[in-house]
Amino acid sequence: MLERAPGLGRELVTRGHEVAVHGWHHRQQWYPAPARDLRELRRTTDAVTAFCGVRPRWYRPPYGVLTAGPALAARRLGLRTVLWTAWGRDWTDRATADSVYATARPGLIGGATLLLHDSDCTSAPGSWRATLAALPLIAAHCRTRALTLGPLRDHDLR
């Protein structure tokens, strides 16, 4: 995605966002292929570093499926693997701001990691709009419970 919008990576970092690695291809890694997994994760990490100007610290496996190949590749590249504890199910064609919020709400507790999507490259077309519209609802919910919203770097992920 960064190859399609090369200036976006540096802009994200400049605005204080954290970048991470999700993989070169958005596919499930069911079958072990350690050399392939390392090659693809290295290629992705190098591209993110080049486009964003900072080296990513995190790896989130596609679909939340972590198998040995990508796990070992991430470790070898110095990436910390992270999954989520809550999601908004925002990738579907039926997602709305209310449905994203209602799905995410039960998991919005201290220390939670919320999975949301900011594009529709692997989701239903336009589904990111439901995510964007849900953000004020999610933020308000967190404020009323004195929860702080922030990047992964602020989590205590031991």
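Quick note: numbers below take in every heavy atom, side chains included, and nothing from hydrogens, waters or symmetry partners.
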Quick one: are His17 and Pro151 in side-chain contact, heavy atoms under 4.5 Å? no
Compare every heavy atom of Pro56 with every heavy atom of Ala20, then report the nearest pair and how far apart it is. CA-CB, 4.0 Å
Can you measure from OG1 (Thr148) to CG (Asp154) and round to the nearest 0.5 angstrom? 9.0 Å
Holding to side chain to side chain donor-acceptor pair (under 3.5 Å), I want the full list of residues that pass it with His117, two or more places apart in sequence or in another chain. Asp90
Go through the steps for Thr49 and Val19 under the test side chain to side chain contact (heavy atoms under 4.5 Å, CB included), then give the verdict. CA-CA 9 Å; Thr49 302; Val19 293; over 6 Å; no
Shortest non-hydrogen separation from Ala112 to Gly107 and the atoms involved: CB-O, 3.2 Å
For Pro136 against Leu132, the heavy-atom pair lying closest together: CD-O, 3.5 Å
Can you measure from CZ (Arg4) to SG (Cys121) and round to the nearest 0.5 angstrom? 7.0 Å
In terms of heavy-atom contacts, Thr81 and Pro61 come closest through CG2-CD, 4.1 Å
Looking only at heavy atoms, the pair that brings Arg153 and Gly16 closest together is NH2-O, 2.9 Å
Any side-chain to backbone donor/acceptor pair from Thr113 onto Thr85? Under 3.5 Å, distance only. no
Give a yes or no on whether Leu114 and Trp128 share a hydrophobic cluster (residues Ile, Leu, Val, Met, Phe, Trp, Tyr; joining criterion: side-chain heavy atoms under 4.5 Å apart). yes
Below 4.5 Å, heavy atoms only, C-beta onward: do Glu18 and Leu152 meet side chain to side chain? yes
Is there a path from Trp58 to Leu79 through hydrophobic residues (I, L, V, M, F, W, Y) whose side chains come within less than 4.5 Å of each other? no
Which label fits Trp91 and Trp87: parallel for a plane angle under 30°, tilted from 30 to 60°, or perpendicular past 60°? perpendicular
Between the main-chain N or O of Asp118 and the side-chain N or O of Thr131, is there a donor-acceptor pair closer than 3.5 Å? no
Is it the case that more than 12 heavy atoms not belonging to Arg57 sit under 6.0 Å from its CZ atom? yes
So, for Leu108 and Cys142, which heavy atoms are closest and what is the spacing to 0.1 Å? CD1-SG, 4.4 Å
Assess the residue pair Tyr59 and Leu66 against the criterion (side chain to side chain contact (heavy atoms under 4.5 Å, CB included)); give the C-alpha distance rounded to whole Å, side-chain angles, the decisive distance to 0.1 Å, and a yes or no. CA-CA 10 Å; Tyr59 167 63; Leu66 184 62; 4.1 Å; yes
Side-chain contact, heavy-atom cut-off 4.5 Å: Leu72 with Asp37? no
Sub-4.5 Å side-chain heavy-atom contact between Arg55 and Leu77: yes
Are Ile138 and Leu115 connected, step by step, through hydrophobic side chains (Ile, Leu, Val, Met, Phe, Trp, Tyr) whose heavy atoms are closer than 4.5 Å? no
Check: Thr14 side chain, Arg10 main-chain N or O, donor-acceptor pair, under 3.5 Å: yes
Contacts of Leu2 meeting side chain to side chain contact (heavy atoms under 4.5 Å, CB included) (sequence neighbours excluded), chain-then-number -> Val48, Phe51, Cys52
Side chain proximity check, Arg60 to Trp84, heavy atoms < 4.5 angstrom: yes
Count I, L, V, M, F, W, Y as connected when their side-chain heavy atoms are under 4.5 Å apart, and connections chain through other members. Are Leu38 and Leu41 then in the same cluster? yes
